[in-house]
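Below is one structure, written out as structure tokens; comments come after it.
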Amino acid sequence: MATPMLVTDAELAALDDLPGRGGRWAVDGVELSVTNLDKVLFPAVPVAPVEASAGGGGGGRPEVTKRDLLRYLATVSGAMIPYFAGRPCNMVRHPNGTDEHGFWAKAAPKNAPGWMTQWPNEDAAKDETRWYVVVDRPATLLSMGNLAAVEYHPWTSSCARSQEPDWALIDLDPGPDTTWDQVILLAKLHQTALEHLDLRAGLKVTGKRGIQIWIPIEAGLAFSDTLAWVEKLSLMVGQLVPDIVSWAWTKADRSGKARLDYTQNIRNKTLVGPFSPRAASGGPVSVTLTWDELDDADLAPDRWTIHTLPARLAEVGDPMADLIGLQQQLPAI
DNA sequence: GAGGCAG
DNA sequence: CTGCCTCAACGCATC
DNA sequence: GATGCG
């Protein structure tokens, strides 16, 4: 389960040696221009006044500079890139930090370097994004990181077959009144259902509040098929616990309950990828888990950050890695 | 963060 | 030259 | 048709 290190220790040391204003960084076989390395992109999370550490993430998390972000992306690139190679990537950028306004970036940067893989979306309308970034090497991740791209959302279909998803997704989206224990319960109910269906699936915390379940499938179905399938499964699961799940469309009618969001299964949908940071103070990250970790009392949706994830990755690797490319069929339900 | 454009 | 603007867009439900 | 919602 060990993940390859695509960026060398010497290259990481060279990043740390650059002055705050930046400079040229030789990494992954290219010369990268990096700037404003000591700029804070993710503010610190202050220590909670008294013992009011509201579960999980809690307080007392240090700030994250752009240099920290680049070091993180370089360190996890070996684990992250297999989920991104060969498919378009949507990003969220926050050039002035996650407290300031951010924006979606789908189009490849103007004057993107020639070594950066791009994919032309032939289905794009005239006023829509045509050239998408494909994150298939560390240099691309780092180049986008220098542009303050903090969230990385891979498509669930490949460039080659962009209308045919190769992941089906279940998004457990807690409402305002949903407790973490209820999110865990929903994940376990889905786990039982998926085991019964003889399907292997991956699990990850989003870095914000929720949990996602990723089911690798063979390309061939349409998005409307996987959407209908996930909707059906979630209806079955949700009916077991109607007191904590709502199917209402508007938030007001949902009375604080959780939503099982099957509508993520559409083309060009933005869903955060494994090991992507999230645009929030402290730099939380989305992390893949073993199913056993649902029983870990210390588990929290934002448990790991840019500062703390590399140690976990070195220790336990990526529990979801062996699901990449698994060509499963969705059984009738 | 950086290009495009109005002033 | 400076300052301001932009940087995405699916498909369903409800009004 | 416009807007809410993810």
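Proteins come first, then strands; the chains are lettered A, B, ... in the order of their sequence lines, and each starts at number 1.
Between the CG atom of A/Asn146 and the C1' atom of B/dA2 there is a distance of 11 Å, given to the nearest Å. As rounded to whole Å, 11 Å separates atom C1' of C/dA8 from atom CG of A/Asp127. Going from atom CH2 of A/Trp155 over to atom P of C/dA8 covers 13 Å, rounded to whole Å. When the P atom of C/dA9 is taken as reference, atom NZ of A/Lys126 falls 15 Å away, rounded to whole Å. Rounded to whole Å, the distance from CG on A/Asp225 to P on C/dC10 is 19 Å. Atom-to-atom, CD of A/Glu128 to C1' of C/dC7 comes out at 15 Å; the value is rounded to the nearest Å. Taking atom CH2 of residue A/Trp247 and atom C1' of nucleotide C/dC12, one finds them 15 Å apart after rounding to whole Å. A straight line from CH2 of A/Trp131 to C1' of B/dG3 spans 20 Å, rounded to a whole angstrom.
Residues from residues 83-92 of chain A with heavy atoms under 4.0 angstrom of DNA chain C: there are none. Taking a 4.0 Å limit (strictly below) on heavy-atom distances, residues 93-123 of chain A reaches DNA chain C at A/His101, A/Phe103, A/Trp104, A/Lys106, A/Ala107.
In this structure, A/Tyr262 and A/Asn268 both approach DNA chain C, and ranking their closest nucleotides by distance from the 5' end singles out A/Asn268.
Between the side chains of A/Asp123 and A/Gln163, at least one donor N or O sits under 3.5 Å from an acceptor N or O. When only modelled atom types and interatomic distance are considered, A/Asp136 and A/Thr117 share a side-chain donor-acceptor pair under 3.5 Å. A side-chain donor from one of A/Asp261 and A/Thr263 sits under 3.5 Å from a side-chain acceptor of the other. A donor atom on one side chain and an acceptor atom on the other are found under 3.5 Å apart for A/Trp214 and A/Gln212.
Nucleotides D/dG6 and C/dA8, compared at atom C1', are 14 Å apart to the nearest Å. D/dT3 and C/dA9: their C1' atoms are spaced 14 Å apart (whole Å).
The environment of A/Glu315 atom CD is sparse: at most 12 non-hydrogen atoms of other residues, nucleotides or ligands sit within 6.0 angstrom.
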Practice problem: With salt bridge (Lys or Arg N to Asp or Glu O under 4.0 Å) as the test, would you mind laying out the steps for A/Lys66 and A/Asp38 before giving the verdict? | Solution: CA-CA 6 Å; A/Lys66 197 203 272 184; A/Asp38 294 331; over 6 Å; no
Under the criterion side chain to side chain contact (heavy atoms under 4.5 Å, CB included), I'd like the reasoning laid out for A/Ser286 against A/Trp304: C-alpha separation, chi angles, the key distance, then a yes or no. CA-CA 8 Å; A/Ser286 182; A/Trp304 293 282; over 6 Å; no
**Asked** Passes salt bridge (Lys or Arg N to Asp or Glu O under 4.0 Å), A/Lys188 versus A/Asp181? Steps please.
**Response** CA-CA 11 Å; A/Lys188 287 186 172 183; A/Asp181 283 347; over 6 Å; no
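Below 30°, between 30° and 60°, or above 60°: for A/Trp104 and A/His153 the angle between ring planes is above 60°, a perpendicular geometry.
Between the A/Gln239 side chain and the A/Met236 main chain, no donor and acceptor come within less than 3.5 Å of each other.
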All N/O contacts under 3.5 Å from nucleotides 2-6 of chain D to the protein, with atom names and distances to one decimal?
residue: D/dG4; atom: N2; partner: A/Trp249; partner atom: NE1; Å: 2.7
residue: D/dG4; atom: N3; partner: A/Trp249; partner atom: NE1; Å: 3.3
residue: D/dG6; atom: OP1; partner: A/Arg254; partner atom: NH1; Å: 2.7
residue: D/dG6; atom: OP2; partner: A/Lys251; partner atom: NZ; Å: 3.2
residue: D/dG6; atom: O3'; partner: A/Asp261; partner atom: OD2; Å: 3.2

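No cation-pi contact links A/Arg267 to A/Trp155, judged by a cut-off of 6.0 Å to the six-membered ring centre and 45° from its axis.
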